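A quick write-up on the structure given underneath.
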Amino acid sequence: MTPAAASRPVAATPLPRESGKRRAPGEPRRVAYLYILPAYVVFVLFMLVPLVRAANISLFDWNGLTPASWVGLENYQEVVADAGLRAAFGHAAVLIFFYAVFPVVVALLLVATMTRARLRGLGFYRTVLFLPQVIAMVVVAVAWRNIYAPDGPLNQVLRAVGLDGLARAWLGDFTWALPAVGFVGTWVQMGLCIVLFLAGISQIPRDLYD
């Protein structure tokens, strides 16, 4: 071999390609589909099919006994034009705020306070705040009905501090009945939100706060 040939770089010999794609270890994908198939079947039978059927029925004028007649979107127009139904949707929106939006906001503020400030007995506060989530709803309903009663603890406290004008039959007042029920929903749902936020914040490295 000449010196010039010895100084040339030697090209790397390409490795032979594998004949087929390598399968990931574990069970085949079709077996995983079999695992989730029962859940899909239940979802389709009890959720998707009734939903499609209800949407189909909403396009007909039908009382459940006589033959149905096609009316298209006329039923939806009546819903929008009916003041009573619009009020019902408005009440539902208020309850959604109290049961979904407000608990998240309040829980986020409480979790931020508990994690940034050094509080003694933090485990006790967490237990107390989560307690409404594990109490039976029947117990919650009976307890808050007694609290909101005309001679209940809430009105007694208001009268004791000189706020007699604010005392009322909370669940029988047209103005305050809905917010009173919504406050109970916020109190119940807030515990779950606090636990979820605490679990998420515990995964954040402490050096990010610095």
Side-chain angles (χ1 to χ4, degrees), residues 36 39-40 42-43 46-48 50-51 54 79 83-210:
I36 63 177
Y40 274 113
V42 173
F43 174 78
F46 295 98
M47 293 292 294
L48 192 58
L51 182 63
V79 169
L85 290 176
R86 289 201 308 269
F89 282 113
H91 295 161
V94 172
L95 292 179
I96 289 174
F97 174 80
F98 277 104
Y99 277 75
V101 179
F102 202 45
V104 172
V105 175
V106 175
L108 186 60
L109 294 176
L110 291 175
V111 169
T113 302
M114 289 188 294
T115 54
R116 297 301 299 271
R118 295 183 178 180
L119 299 175
R120 292 183 178 181
L122 184 58
F124 172 76
Y125 293 120
R126 292 178 180 177
T127 303
V128 171
L129 293 173
F130 184 71
L131 189 60
Q133 189 68 32
V134 298
I135 299 177
M137 293 303 297
V138 175
V139 178
V140 173
V142 172
W144 280 97
R145 185 189 63 181
N146 294 331
I147 293 174
Y148 284 141
D151 56 347
L154 179 57
N155 286 333
Q156 291 179 6
V157 171
L158 292 175
R159 294 188 183 100
V161 297
L163 298 176
D164 299 41
L166 297 180
R168 66 192 72 244
W170 295 93
L171 297 179
D173 190 285
F174 286 99
T175 303
W176 291 97
L178 193 62
V181 175
F183 178 81
V184 177
T186 300
W187 180 73
V188 172
Q189 300 295 331
M190 188 173 57
L192 178 62
C193 297
I194 289 176
V195 171
L196 295 178
F197 283 136
L198 286 174
I201 290 179
S202 63
Q203 303 299 320
I204 300 177
R206 297 298 302 179
D207 54 354
L208 293 180
Y209 292 100
D210 301 332

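Predicted model only: the values in this text are computed from it and were never measured. Positions are given from 1 along the sequence.
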* Answer yes or no: are there more than 12 heavy-atom neighbours, outside Phe183 itself, under 6.0 Å from its atom CZ? => no

Please table the atom pairs, donor to acceptor, closer than 3.5 Å between any side-chain atom in residues 136-146 and protein atoms at least two apart or in another chain.
residue	atom	partner	partner atom	Å
Asn146	ND2	Val142	O	3.2

* Taking only residues two or more places apart in sequence, or in another chain, which ones meet Leu196 in a side chain to side chain contact (heavy atoms under 4.5 Å, CB included)? -> Leu192

* **Set of side chain to side chain contact (heavy atoms under 4.5 Å, CB included) partners for Leu51, sequence neighbours left out** => none

* So do the side chains of Phe197 and Leu108 get within less than 4.5 Å of each other, counting heavy atoms only? -> yes

* **Test item: Leu171 and Val181 side chains (from C-beta on) under 4.5 Å apart, heavy atoms** => yes

* Asked: Which residues pass the side-chain hydrogen bond (donor to acceptor under 3.5 Å, both in side chains) test with Trp187, sequence neighbours left out?
  -> none

Show me, pair by pair, the donor-acceptor contacts under 3.5 angstrom made by side chains of residues 90-102, not counting sequence neighbours?
residue	atom	partner	partner atom	Å
His91	ND1	Ala87	O	3.4

* **Taking every non-hydrogen atom, the tightest pair across Ala107 and Met190** => CB-O, 4.0 Å

* Reported CG-to-CG distance for the pair Leu178 and Asp173, which is rounded to 0.5 angstrom -> 11.5 Å

* Structure fact -> Residues pairing under salt bridge (Lys or Arg N to Asp or Glu O under 4.0 Å) where one sits in residues 131-140, two or more places apart or in two chains, turn out to be none

Could you go through residues 147-162 and list every donor-acceptor pair under 3.5 Å that involves a side-chain atom there, pairing it with any protein atom two or more places apart or in another chain?
residue	atom	partner	partner atom	Å
Tyr148	OH	Ala180	O	3.1
Asn155	OD1	Arg168	N	3.2
Asn155	OD1	Trp170	NE1	2.9
Asn155	ND2	Ala149	O	3.1
Asn155	ND2	Pro150	O	3.0
Asn155	ND2	Arg168	O	2.8
Gln156	NE2	Asp151	O	2.8

